[in-house]
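We number each residue from 1, following the sequence as shown. Small disclaimer: the values here were computed from a predicted structure and weren't measured.
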Amino acid sequence: MSRGRAAAWLLGAALAGGALAAGLLCTRRAVPPTVGADSPALSALLVALGGARGVIAEILWWRIGDLQRQGRFAELVPLTDLLVTLDPSSPDAWAYNAWNLAYNVSVAHSDPAERWRWVRRGLDLLARGLRADPTSEVILRQMGWVWEDKIGGANDAAAPYYRTQARALPPPEDAGAFAARLGGGVDWGAPRVRALYWYDRARHPRDTLRATVALLRAEAPERLPARLPYFLSAARAAWPELAPSQTEQIRAFVQGLAEGRPGDAALRAFLQETAP
């Protein structure tokens, strides 16, 4: 293909994609999420667009921010769908847009139920991203952070409402296998459990250790013996990545556990292994 014909093709593709984007950008009503992102016609067009996708994505990023500033939140949904459809292999696009919905858009509403609706949209978007890339550390960690900080934290006044609603959500498909590794007796309605599950899937040692300590501190003492093998394994995995202040904190935590269980050989062994 000659340089002139290639340039003409790229311009035509960009104009076609621009017309598609413009139709969505200018709409003043919410388009159902299934219209566009899952459309065979759109899929074929996206293949044809090739390098012009980046141009359209830039337009969409700008428009999403503009709609958010105007408070036209319902119109973010189809545009966000189109944006991640343009490049489903970009974990940052999935993670950022989900964070934006769960954090920035949700707090623009005062009604807890409406806030929860946007937090759920963020979770659903991350779930879609994981269907596109099941092993993405970026998406998995973002999922864990939404559960740990947004739903399980204290920074959002509506968090108690989120936690009530979250109890109705089904557990993950591999819930049984993870519960067995954790020592059984798992409450999937607890955000700290959900957060730990996603960090574990991300294979991120520091996040996993932090979430495990949070779980141990919140659970009843009788659950401790069953959780110790998982905790000690998480601590050993994260140890090389921890700062000195963090290793001191973990040793102090283990020391406290050991004082309550003076006959526990596993705790004593860990303290000996990690002695400065």
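The minimum heavy-atom distance linking A98 with L126 is given by the pair CB-CG, 3.4 Å. A pairwise comparison of heavy atoms in S106 and R115 identifies O-CG, 3.0 Å as the closest pair. In this structure, G144 and A195 approach most closely via the heavy-atom pair O-CB, 3.5 Å. Annotation for A166 and I151: closest pair CB-CG2, 4.4 Å, computed over non-hydrogen atoms. Across all their heavy atoms, P262 and R268 have their closest contact at O-NH1, 3.3 Å. G153 and A159 get closest at one heavy-atom pair: O-CB, 3.5 Å.
Under the side chain to side chain donor-acceptor pair (under 3.5 Å) criterion, W145 pairs with Y103, sequence neighbours left out. Looking at residues two or more places apart in sequence or on another chain, you find a side chain to side chain donor-acceptor pair (under 3.5 Å) between Y162 and D156. By the salt bridge (charged side-chain N to carboxylate O under 4.0 Å, His left out) test, R194 pairs with no residue at all, sequence neighbours left out. In this structure E273 satisfies the salt bridge (charged side-chain N to carboxylate O under 4.0 Å, His left out) test together with R236, sequence neighbours excluded. For D149, the salt bridge (charged side-chain N to carboxylate O under 4.0 Å, His left out) criterion is met by no residue, not counting sequence neighbours. Y199 pairs by the ring pair (Phe, Tyr, Trp, His ring centres under 6.0 Å) definition with nothing, not counting sequence neighbours. Here R201 pairs with L140, Y197, W198 under the side-chain contact (heavy atoms from CB on, under 4.5 Å) rule; sequence neighbours left out. Taking the side-chain contact (heavy atoms from CB on, under 4.5 Å) definition, one finds that R192 meets it with A190, L215, A218, sequence neighbours left out. With sequence neighbours excluded, no residue satisfies side chain to side chain donor-acceptor pair (under 3.5 Å) with R203.
Following chains of ILVMFWY side-chain contacts shorter than 4.5 Å, one cannot reach L182 starting from F270, and the two form parts of different hydrophobic clusters. Linking Ile, Leu, Val, Met, Phe, Trp and Tyr whenever their side-chain heavy atoms come within less than 4.5 Å leaves W188 and L216 in two separate clusters. Both L209 and L267 are members of a single hydrophobic cluster when ILVMFWY side chains are connected at heavy-atom separations under 4.5 Å. Cluster membership check: V213 does not share its hydrophobic cluster with V186, using side-chain heavy-atom separations under 4.5 Å among Ile, Leu, Val, Met, Phe, Trp and Tyr. One hydrophobic cluster, built from ILVMFWY side chains closer than 4.5 Å, cannot hold both V107 and L125; they sit in different ones.
Counting heavy atoms from C-beta outward, P191 and R163 have side chains that approach closer than 4.5 Å. Inter-residue side-chain proximity for R181 and P229 is flagged as unmet; no heavy-atom pair is nearer than 4.5 Å. Within the 4.5 Å cutoff, no side-chain heavy atoms of L101 are placed close to those of V119. Counting only heavy atoms from C-beta outward, the side chains of Y230 and T208 approach each other to under 4.5 Å. Annotation: side chain of W94 is not in contact with side chain of V138 (no heavy-atom distance under 4.5 Å). Counting heavy atoms from C-beta on, the side chains of V146 and W99 never come closer than 4.5 Å.
Judged as a side-chain hydrogen bond (donor to acceptor under 3.5 Å, both in side chains), the pairs with a partner in residues 211-224 (not counting sequence neighbours) are, in order, E219-R227. Within the structure, every pair that satisfies the salt bridge (charged side-chain N to carboxylate O under 4.0 Å, His left out) test and touches residues 94-114, not counting sequence neighbours, is listed here: E114-R117.
Here CZ of R210 is found 11.5 Å from CG of L242. Values are rounded to the nearest 0.5 Å. In this structure, CG on L123 lies 13.5 Å from CZ on R128, to the nearest 0.5 angstrom. How far CD of Q246 is from CH2 of W239: 10.0 Å, rounded to the nearest 0.5 Å. Put simply, CZ on R120 and CH2 on W116 are 6.0 Å apart, with the number rounded to the nearest 0.5 Å. One finds the CZ atom of R121 at 13.0 Å from the CG atom of N97 (value rounded to the nearest 0.5 Å). To the nearest 0.5 Å, the span separating CZ on R167 from CG on D187 amounts to 4.5 Å.
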Quiz: residues 247-258 side-chain donor-acceptor pairs under 3.5 angstrom, not counting sequence neighbours:
from	atom 1	to	atom 2	distance (Å)
T247	OG1	P244	O	2.7
R251	NH1	L271	O	2.8
R251	NH1	T274	OG1	2.9

Is there a side chain to side chain contact (heavy atoms under 4.5 Å, CB included) between D133 and T135? Walk through the geometry before answering.
CA-CA 6 Å; D133 186 356; T135 62; 3.5 Å; yes
Under the criterion side chain to side chain contact (heavy atoms under 4.5 Å, CB included), I'd like the reasoning laid out for N155 against K150: C-alpha separation, chi angles, the key distance, then a yes or no.
CA-CA 7 Å; N155 296 321; K150 186 65 175 179; over 6 Å; no
